[in-house]
Student: 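Pasting in a structure now, in structure tokens, and then I'll have a few things to ask.
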Amino acid sequence: MEGLGQVTLKTLNLFGLEITYNPVTFAMTFFVMGLILIAGYVVRGQLKQIPGFGQSVFEMIYDFLSEITLGTLGEKDGKRHLPFIVTLFIFILTANWIGIIPNLFKIVGSFLGVIAAVFSSAINIDFKSILDISLMVPNSSSISWLLTMPGFEEPTRSVNTDLALALLVFFIVQAYGIKNKGFFGYLKSYYNDPFPMKGWRALFFFVNPFFYLNLIGAVANVVSHSFRLFGNMFGGGMIIVIVSSLLKFFLVPVGLFAFFGIFAGLVQAFVFTMLAVTYIQQQQ
């Protein structure tokens with residue numbers, strides 16, 4: 001736990017600008033995108049009338065989100081935005097779950113190490129050796145790689161990734177609002193709420209305090225949208241890391257791991273996506 005909370009940053013000079021970035025988050029983001037593209041390509045090449053496991057998973061996600069999106073936005077607008085909604089959900093869900101893989105290997109390695117130690121006379125089982133599973137697994141052991149597998153950091157544990165996703169949703173929503181209502185109709189939605197300004201009064205919309213409050217509310221939506229996902233994923237990830245480190249990945253509470261690793265990742269992906277649908281619906 002010595003390096004807990006430390007972030008590795010690198011600097012890139014681009015056209016005279018100095019850009020600081022996290023190489024781990026950058027690499028994991030592209031790893032997640034590559035994983036989704038490969039999975040999509042494989043499933044697309046194996047489409048059948050009777051779907052297999054991969055096709056069934058994609059169809060289940062698509063049908064579930066299609067029902068909600070079309071029910072909220074209507075048939076026409078729902079079909080228009082459905083590809084974006086499905087892509088957003090799958091990316092966030094994969095990014096939330098990518099960190100589970102190394103922990104699963106380490107938990108399996110821990111149990112295998114305990115079983116191997118029980119049937120071996122090379123080590124005396126005591127409280128210290130139970131908490132420090134590395135005592136039970138020599139470096140030359142065939143299962144030692146399970147315990148030394150490098151961790152995967154979820155891209156959504158970085159506020160930069162979450163803010164970028166929220167900004168993406170924001171710009172798509174505003175572009176849809178302008179296209180759907182026209183520029184002046186879009187502008188009216190800011191100064192006509194909650195008290196309409198009709199006729200010549202509309203020329204003085206800039207003196208309406210609610211115009212600025214509505215603008216602040218739009219920006220606040222971006223902040224809350226991103227920080228909700230960041231707070232839950234970062235907090236859950238830190239709990240898993242702390243508990244796993246203290247117990248050396250042995251006897252990690254199954255309920256805790258399942259909640260923060262699997263259940264919370266699914267819920268946060270769903271909440272983020274449904275908020276995007278809600279923001280789009282507000283511009284209809």
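The residues of the chain are indexed from 1 along the displayed sequence. Computed from a predicted structure; not experimentally measured.
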Student: Show the nearest heavy-atom pair for residues S56 and G52, with the distance to one decimal.
Tutor: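 Smallest interatomic distance, heavy atoms only, reads OG-O, 2.6 Å.
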Student: Taking C-beta and beyond as the side chain, do P155 and I98 meet within less than 4.5 Å on heavy atoms?
Tutor: yes
Student: For S66, does its backbone N or O pair with a side-chain atom of T69 as donor and acceptor, under 3.5 Å?
Tutor: no
Student: Is E67 atom CD crowded by more than 12 heavy atoms from other residues, nucleotides or ligands, each under 6.0 Å away?
Tutor: no
Student: Hydrophobic cluster membership, with links at side-chain heavy-atom distances under 4.5 Å among I/L/V/M/F/W/Y: are I90 and F53 in one?
Tutor: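 I90 clusters together with F53.
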Student: Can you name the nearest heavy-atom pair linking R228 to Q268, along with the distance?
Tutor: O-OE1, 3.9 Å
Student: Applying salt bridge (Lys or Arg N to Asp or Glu O under 4.0 Å), name anything that partners K79, two or more places apart in sequence or on another chain.
Tutor: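 Only E75 meet the salt bridge (Lys or Arg N to Asp or Glu O under 4.0 Å) criterion with K79.
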Student: Is there a side-chain contact between T72 and T278 (heavy atoms, below 4.5 Å)?
Tutor: no
Student: Quick one about Q174 and Y186 (side-chain donor to acceptor, distance below 3.5 Å, no hydrogens or angles considered), yes or no?
Tutor: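 Their side chains do contain a donor-acceptor pair, which is all the 3.5 Å distance test asks for.
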Student: Is any side-chain heavy atom of V267 closer than 4.5 Å to one of F263?
Tutor: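 Yes, at least one pair of side-chain atoms sits under 4.5 Å.
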Student: Applying side-chain contact (heavy atoms from CB on, under 4.5 Å), can you list everything that pairs with S226, at least two apart in sequence or on another chain?
Tutor: D162, L163, A166
Student: Quick one: does Q55's side chain have a donor or acceptor within less than 3.5 Å of a partner on K48's backbone?
Tutor: yes
Student: Rounded to the nearest 0.5 Å, what's the gap from CG on L65 to CD1 on I85? Could you check?
Tutor: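 Separation between the atoms: 8.0 Å.
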Student: Between Q284 (side chain) and L73 (backbone), is there a donor-acceptor pair under 3.5 Å?
Tutor: yes
Student: Of all the heavy-atom pairs spanning G265 and L93, show the shortest one and how long it is.
Tutor: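 Scanning both residues completely, I find the closest heavy atoms to be O-CD1, 4.0 Å.
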Student: Give a yes or no answer on whether the side chain of N180 reaches the backbone of Q283 with a donor-acceptor pair at less than 3.5 Å.
Tutor: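 A pair under 3.5 Å: yes.
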Student: Spell out, as yes or no, whether a donor-acceptor pair under 3.5 Å connects the side chain of W97 to the backbone of I262.
Tutor: yes
Student: Would you say the rings of Y62 and F58 are close, in the sense that their centroids are separated by under 6.0 Å?
Tutor: no
Student: Is it the case that one hydrophobic cluster holds both V222 and L229, taking links as side-chain heavy atoms less than 4.5 Å apart, direct or via other members?
Tutor: no
Student: Working to the nearest 0.5 angstrom, can you tell me the gap between I172 CD1 and L88 CG?
Tutor: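 One gets 8.0 Å once the value is rounded to the nearest 0.5 Å.
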Student: For I38, which of L35, V42, I36 qualifies under side chain to side chain contact (heavy atoms under 4.5 Å, CB included)?
Tutor: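 One option only clears the test, and that one is V42.
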Student: If you measure from CG on L266 to CD1 on I92, what distance do you get to the nearest 0.5 Å?
Tutor: 11.5 Å
Student: Sort and list the pairs that fulfil ring pair (Phe, Tyr, Trp, His ring centres under 6.0 Å) and have at least one residue in residues 64-88, not counting sequence neighbours.
Tutor: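 Sorted pair list: F64-F270, H81-Y176.
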Student: Looking only at heavy atoms, what is the nearest atom pair of S224 and Y279, with distance?
Tutor: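 In this case the closest contact between S224 and Y279 is OG-OH, 4.3 Å.
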Student: Would a 4.5 Å heavy-atom cut-off, applied to side chains only, mark V169 and F272 as touching?
Tutor: yes
Student: Around atom CZ of R80, are there more than 12 heavy atoms from other residues, nucleotides or ligands closer than 6.0 Å?
Tutor: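 Buried by this count: over 12 neighbours within 6.0 Å.
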Student: Determine whether the aromatic ring centres of F170 and H225 lie less than 6.0 Å apart.
Tutor: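 Aromatic pair excluded; centres sit 6.0 Å or further apart.
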Student: Going from CD on E154 to CE on M233, what distance comes out if it is rounded to the nearest 0.5 angstrom?
Tutor: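 Those atoms lie 5.0 Å apart.
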Student: Are L168 and F26 co-members of a hydrophobic cluster defined by side-chain heavy atoms under 4.5 Å apart?
Tutor: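 Cluster IDs for F26 and L168 match.
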Student: Do T29 and F91 have side chains that approach each other closer than 4.5 Å (heavy atoms only, starting at C-beta)?
Tutor: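 The answer is yes; the side chains approach within 4.5 Å.
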Student: Under 4.5 Å between side-chain heavy atoms, hopping through other hydrophobics if needed: is there a path connecting F31 to M33?
Tutor: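 Yes.
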Student: According to a 4.5 Å side-chain heavy-atom criterion applied to Ile, Leu, Val, Met, Phe, Trp and Tyr, with indirect links allowed, do V57 and I68 form part of one hydrophobic cluster?
Tutor: yes
Student: Can you label the angle between the F230 ring and the F227 ring as parallel, tilted or perpendicular, going by 30° and 60°?
Tutor: perpendicular
